[in-house]
Amino acid sequence: MTTRKRYWLMKSEPNDFSIDDLERVGTEPWTGVRNYQARNFMRDSMQVGDGVLFYHSNTEVPGIYGIAEVAGAPHPDPTQFKKKSKYFDAKASHEEPRWFLIDVGFVRKLERPIPLEEIRSHADRLGEDFALIRKGSRLSVLPVTAAQWKYLLALE
DNA sequence: GCCAACGTTGGC
DNA sequence: GCCAACGTTGGC
């Protein structure tokens, strides 16, 4: 059974992994998410072909910098098993993995980044429940409605 | 670098 | 199950 295309926003610190890095490598396994809500979105709700807004956090001008897509089915995050990784999780096992990820594929960079500040100024149109601008929300993987997707990209 | 907000851990 | 302590996120 197929389900209609969904939309997401995924945050990354550009010092760590930027939209330019994604353009270079083409596809990247989204390792290192250690938040259950974000994991659940990747494990349970994301489907190949879903749209992804690529967001730069912890940077001079935080905002949406590009478009990506879900490029692979969910599978266990290999870094949880690697003792030397900073994402190692002693409570995870191959039999019972705790962390799952999807692969993210490059689509395009935005002609013009959409700064968080500008996104905030459209809060009334985007809705109070939009997790990106909801007070206190720090989710690094979050759902975007089709209407929000369209509205945000119209700002480009 | 600061710090508010939030999530997780662990003692009890 | 409560909640204090701690760690992390991420804007500023």
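For clarity, every value in this text was computed on a predicted model and none was experimentally measured.
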Please table the atom pairs, donor to acceptor, closer than 3.5 Å between any side-chain atom in residues 127-138 of chain A and protein atoms at least two apart or in another chain.
| from | atom 1 | to | atom 2 | distance (Å) |
| --- | --- | --- | --- | --- |
| A:Arg134 | NH1 | A:Asp129 | O | 3.2 |
| A:Ser137 | OG | A:Ala131 | O | 2.9 |

Donor + acceptor pair across side chains of A:Arg98, A:Tyr36 (<3.5 Å):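 Their side chains do contain a donor-acceptor pair, which is all the 3.5 Å distance test asks for.
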A:Ser18-A:Arg24 side chain donor-acceptor pair, cut-off 3.5 Å: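 No, A:Arg24 and A:Ser18 have no side-chain donor paired with an acceptor closer than 3.5 Å.
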Within residues 83-95 of chain A: residues closer than 4.0 Å to DNA chain C (heavy atoms):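 Heavy-atom contacts with DNA chain C come from no residue of residues 83-95 of chain A; none.
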Nearest heavy atoms of A:Ile114 and A:Glu156, plus distance in Å: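 Smallest interatomic distance, heavy atoms only, reads CD1-N, 4.2 Å.
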Relative to the ring of [Y], is the ring of [X] parallel (under 30°), tilted (30 to 60°) or perpendicular (over 60°)?
{"X": "A:His94", "Y": "A:Phe81", "result": "parallel"}
{"X": "A:Trp149", "Y": "A:Tyr7", "result": "tilted"}
{"X": "A:Tyr151", "Y": "A:His122", "result": "perpendicular"}

Contact state string [nucleotides 6-12 of chain C, B base, S sugar-phosphate only, - no protein heavy atom under 4.0 Å]: --BBBBS
A:Phe54 ring center near A:Trp30 ring center (under 6.0 Å):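 Between A:Phe54 and A:Trp30, the centre distance is under 6.0 Å.
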DNA chain B: 5'-proximal contact among A:Lys135 and A:Arg34 (nearest heavy atom):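 Going by which nucleotide is closer to the 5' end, it is A:Lys135.
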